[in-house]
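In the text below, chain A, chain B and the rest are named by the order of the sequence lines, each starting its count at 1. Computed over heavy atoms, backbone and side chain alike; hydrogens, waters and symmetry mates excluded. All values derive from a computational prediction rather than experimental measurement.
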2 protein chains.
Amino acid sequence: MNELASILKTHNLKVTPQRLAIYSILLNTKEHPSAEAIYQSLSLDHPNISLATVYKTLDTFKINNLVQELNVGEGNFRYDANILDHTHAFCNSCRKVIDIDESISPEITKQLCNDSGFKVTSSKVYLFGTCKDCQ
Amino acid sequence: MNELASILKTHNLKVTPQRLAIYSILLNTKEHPSAEAIYQSLSLDHPNISLATVYKTLDTFKINNLVQELNVGEGNFRYDANILDHTHAFCNSCRKVIDIDESISPEITKQLCNDSGFKVTSSKVYLFGTCKDCQ
DNA sequence: ATTGATGCAAATGATTTGCACCGTG
DNA sequence: CACGGTGCAAATCATTTGCATCAAT
């Protein structure tokens with residue numbers, strides 16, 4: 001059996017072609033796609049999938065901590081199969097979201113935690129500016 | 001003339017009672033209200049203001065860098081008249097957004113900037129967890 | 001066979017837009 | 001007076017929901 005299927009089973013989720021397809025897209029892209037963008041990607045190999053299913057599946061994945069939801073202020077959400085806290089940089093020019101793999105965010109959360117009495121379970125760090133290609 | 005009025009003028013914005021009211025609300029709250037919440041607050045003293053005007057005004061303020069827009073994943077935006085980069089903590093229990101006044105976020109953005117070739121102009125840091133009152 | 005997943009279409013909720021009218025500079 | 005701002009209602013966009021059907025265990 002395929003590896004994705006066993007990950008889904010680990011979370012007590014039924015294995016369906018739709019779920020495999022959506023999870024596979026997220027694992028194989030660096031684009032941080034929106035629900036709509038995922039739906040577009042699916043139109044090739046799974047033309048009869050429903051947008052509602054994409055939303056429901058993403059919600060299920062989010063609840064089961066298989067994906068994280070991002071919001072860089074565009075008016076919709078984006079999804080990332082990398083669930084570890086890491087920094088996302090949004091280019092105001094090309095509107096791409098880039099992963100910044102630095103382990104600084106987790107560190108600062110701990111520091112902030114100490115001072116404020118707020119018990120931190122996760123964090124999101126967004127940088128805004130211009131990416132290398134657009135400069 | 002009142003101080004808020006002169007701030008608006010500095011940005012070449014016409015001074016209207018609606019803008020003064022909205023900006024005043026944002027300057028005097030720690031609640032990080034949504035457009036809808038601001039509209040509710042206005043219903044007392046400005047009962048005939050339009051929700052569309054609230055949205056248009058917030059957009060104008062955002063463009064003129066008088067407010068910043070937050071998104072903690074609730075499906076709407078919240079607004080903060082403190083435009084300096086600072087950390088926001090969202091309590092998953094009471095759904096309040098709390099300011100964390102630490103100057104760490106600006107520091108990390110500089111570090112990340114160096115490594116990635118991404119030119120950072122601003123940043124947003126969100127912490128998720130449980131606030132002091134809810135623990 | 002049971003239970004949960006899917007697809008469709010309709011509903012919702014947040015935000016935006018068009019346009020006539022009004023108020024500020 | 002001119003131009004931008006406001007209010008209203010309608011439109012749009014992202015996301016959710018209800019429900020009948022379908023598929024995985």
Which whole-number value in Å describes the distance from B:F77 CZ to D:dT15 P? 10 Å

If you take all heavy atoms of A:E74 and A:N71, which pair is closest and at what distance? N-OD1, 4.1 Å

Separation of B:Q68 CD from B:N82 CG (nearest 0.5 Å): 6.5 Å

Is A:S50 near enough to C:dC8 that one of its side-chain N or O atoms lies under 4.0 angstrom from OP1 or OP2? no

Distance (rounded to the nearest 0.5 Å) between A:S93 OG and A:Q135 CD: 10.0 Å

What is the distance from CZ of A:R19 to C1' of D:dT25, rounded to the nearest Å? 13 Å

Could you encode protein contacts along nucleotides 16-25 of chain C as a string, one character per nucleotide from 5' to 3', using B for base contact, S for sugar-phosphate-only contact and - for no contact, with a heavy-atom cut-off of under 4.0 Å? BBB----BBS

Side chain A:H46, main chain A:L44, donor-acceptor under 3.5 Å: no

May I have the distance from A:N76 (atom CG) to D:dT16 (atom C1'), rounded to whole angstrom? 16 Å

Rounded to the nearest angstrom, tell me the gap between atom CZ in A:F61 and atom C1' in C:dG4. 14 Å

Kindly compute the distance separating CZ (A:F90) from NZ (A:K96), expressed to the nearest 0.5 Å. 11.0 Å

Side-chain contact test, heavy atoms from C-beta onward, threshold under 4.5 Å: evaluate it for B:R78 versus B:E69 and give yes or no. no

Does a side-chain N-to-carboxylate-O contact under 4.0 Å join A:K62 and A:D59? yes

Can you tell me how far P of D:dT15 sits from CG of A:L70, to the nearest Å? 12 Å

Could you identify which residues cluster with A:L51, counting Ile, Leu, Val, Met, Phe, Trp and Tyr as linked when any side-chain heavy atoms lie under 4.5 Å apart, either directly or through a chain of such contacts? A:L4, A:I7, A:L8, A:L13, A:V15, A:L20, A:I22, A:Y23, A:I25, A:L26, A:L27, A:I38, A:Y39, A:L42, A:I49, A:V54, A:Y55, A:L58, A:F61, A:L66, A:V67, A:F77, A:Y79

Taking atom P of C:dA14 as reference, at what distance in whole Å does atom CD of B:E69 sit? 15 Å

Taking only side-chain nitrogens and oxygens of A:Q18, does any of them come within less than 4.0 Å of OP1 or OP2 of D:dA23? no

Check whether any side-chain heavy atom of A:H88 sits under 4.5 Å from a side-chain heavy atom of A:H32, and report yes or no. yes

Which residues in residues 21-49 of chain B have at least one heavy atom lying under 4.0 Å from any atom of DNA chain C? none

